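A short worksheet on the structure shown next.
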Amino acid sequence: MSDTPTFSAPIGTRDVIGPESAQWEGLVSLFATLAHRYGFSLILSPLFEDVGVFHRGIGEESEVASKEMYVFEDRSGRRLALRPEGTASVVRAFVQHHPLTPFKAWYITPAFRYERPQAGRYRQHHQVGVEALGTDDPAVDVEVISLAARFYGALGLRRVRLLINSMGHDECRSAYVNRLGEYLASHVADLCDEHREVWSKNPLRLLDCKKDACVAVTSEGPMLIDHVCEDCRTHFVAVTEGLAAIGVESELAPRLVRGFDYYTRTTFEFVSDALGTAQNAIGGGGRYDKLAEQLGGDPTSGIGFGSGVERLLLARAAEGIETPLLERGLDVFVVDTTGHDRATVLVDTLRGAGFSVDRAYDQRSMKAQMKVADRSGAALALILGPREDEVGEISIRDLRGEGGQQNVTLTDLVAELTRRLSQ
RNA sequence: GUGGGCGUAGCUCAGGUGGUUAGAGCGCCAGGUUGUGGUCCUGGAGGCCGCGGGUUCGAGUCCCGUCGCCCACCCCA
């Protein structure tokens with residue numbers, strides 16, 4: 001060992017390695033497949049943006065924007081931030097490029113938040129999600145939620161519940177907030193210690209407080225869903241009826257107030273009952289009909305959702321689901337003890353023919369190479385030793401079953417492999 | 001930002017009240033089987049005991065600090 005300093009991944013971050021990365025690969029490809037089935041196309045956008053994108057988008061007052069963002073200056077003094085969530089960048093890209101609407105995009109992205117790490121909570125986590133801009137048709141709300149529900153189902157998750165609420169639009173919400181404020185003002189003394197002082201800053205947040213004191217007060221008070229305007233009410237009913245029509249169960253959650261300020265009308269959250277109470281949200285989203293304007297674009301409705309990859313995998317584990325999301329198996333593993341470059345040519349030929357192939361290196365003993373072959377998970381071992389070399393043949397050994405072995409000529413090899421691997 | 005638990009081999013962990021060459025299981029490597037993995041047997045490699053300081057004749061063990069991991073509050077994915 002040298003005395004060179006060693007490094008480990010920064011606090012709150014992790015490396016995804018080995019079998020776990022196969023889970024990720026499978027999850028992402030499953031999501032991509034579903035997103036395509038719903039008419040969404042992949043969008044790639046920068047991991048960092050002008051801080052204004054996030055401040056104007058998710059709200060300067062919000063917990064995430066005010067104290068959890070990774071903000072930095074680049075070498076020419078631009079104020080940038082690593083994205084704390086996926087939606088704002090997509091909407092910024094939409095505003096910048098004026099694509100045809102409806103614009104339906106899906107993404108997989110890291111998201112960065114400066115928080116204390118905890119079970120299911122990281123400073124860099126990853127989300128898959130979709131955004132649909134250009135329509136406020138309740139049908140698209142239903143589609144987005146349906147995609148999420150179908151995705152969780154395909155992952156094998158069963159202990160998932162959908163919570164849904166409406167935030168109303170600007171006017172009906174602010175009227176409600178005033179009403180809620182008045183109600184709270186007359187019950188300040190009964191609020192929890194923390195909120196007794198700061199309730200007026202953002203009365204909506206009180207609905208989300210889990211302290212008994214606040215719950216007792218707000219449960220007697222006005223609920224947003226009962227005070228949204230007629231249009232918002234109609235929209236909400238259309239969404240819930242649409243969900244019912246396609247068999248997606250939802251629970252009205254009048255206290256559901258999500259963390260970003262851009263939400264209007266439909267908001268929802270999927271929670272896993274397998275994850276306990278602390279970090280049980282596996283996905284969430286909603287409608288953001290003012291966001292495009294707030295980012296300098298024409299008024300454009302939008303809705304989307306994001307889902308945390310780490311939490312989805314944790315939820316799968318918590319439900320005891322052991323089915324791998326991706327089988328990472330090789331077709332063949334080449335063992336060569338001739339000491340020439342036979343293996344180099346052989347693996348290249350087979351890869352060119354479309355097989356997934358790996359081999360042993362460093363001219364190890366046959367026993368050692370066979371051990372590596374076994375560990376590789378390959379279906380078949382191709383053994384090339386002096387004996388085979390002499391007669392221009394190669395041994396095919398079954399690594400999955402009893403270990404039966406058969407010799408074929410090099411010219412017959414591809415045909416024989418094709419035959420055996422298609423069984 | 002606040003509080004609790006824990007840092008010993010690649011991994012999971014033992015190491016009473018300080019005492020000399022720090023252990024196990026698994027994994028890895030080699031051999032048993034002079035050409036054959038998955039079972040078995042034998043052997044081997046691999047540790048500044050997270051880091052820094054202190055107490056002591058002597059610290060993996062006690063004290064302080066620090067960093068990291070885990071968990072909870074909070075917030076969220």
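Every chain is numbered from 1, with letters handed out A, B, ... down the list of sequences. Quick caveat: nothing in here was measured; it's all calculated off a predicted structure.
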Could you tell me the separation between the [atom1] atom of [X] and the [atom2] atom of [N], rounded to a whole number of Å?
{"X": "Asp261(A)", "N": "C75(B)", "atom1": "CG", "atom2": "C1'", "answer": "14 Å"}
{"X": "Met370(A)", "N": "C28(B)", "atom1": "CE", "atom2": "C1'", "answer": "19 Å"}
{"X": "Ile11(A)", "N": "C71(B)", "atom1": "CD1", "atom2": "C1'", "answer": "13 Å"}

Legend entry - Complementary nucleotide of A9(B), counting Watson-Crick and G-U pairs under 3.5 Å: none
Inset, instruction - Identify the nucleotide, in any strand shown, that forms a Watson-Crick or G-U wobble pair with U20(B), with both distances under 3.5 Å; if there is none, say none. - result: none
Legend entry - Shortest non-hydrogen contact between His126(A) and Pro110(A), atoms and distance: CD2-CA, 3.7 Å
Should [X] be listed as having a side-chain N or O under 4.0 Å from OP1 or OP2 of [N]?
{"X": "Arg205(A)", "N": "C75(B)", "result": "no"}
{"X": "Arg364(A)", "N": "C29(B)", "result": "yes"}
{"X": "Arg121(A)", "N": "C73(B)", "result": "no"}

Taking atom types as they are modelled, is there a donor-acceptor pair under 3.5 Å from the base of [N] to the side chain of [X]?
{"X": "Gln127(A)", "N": "C76(B)", "value": "no"}
{"X": "Arg397(A)", "N": "G37(B)", "value": "yes"}
{"X": "Gln124(A)", "N": "A77(B)", "value": "no"}
{"X": "Arg116(A)", "N": "G3(B)", "value": "yes"}

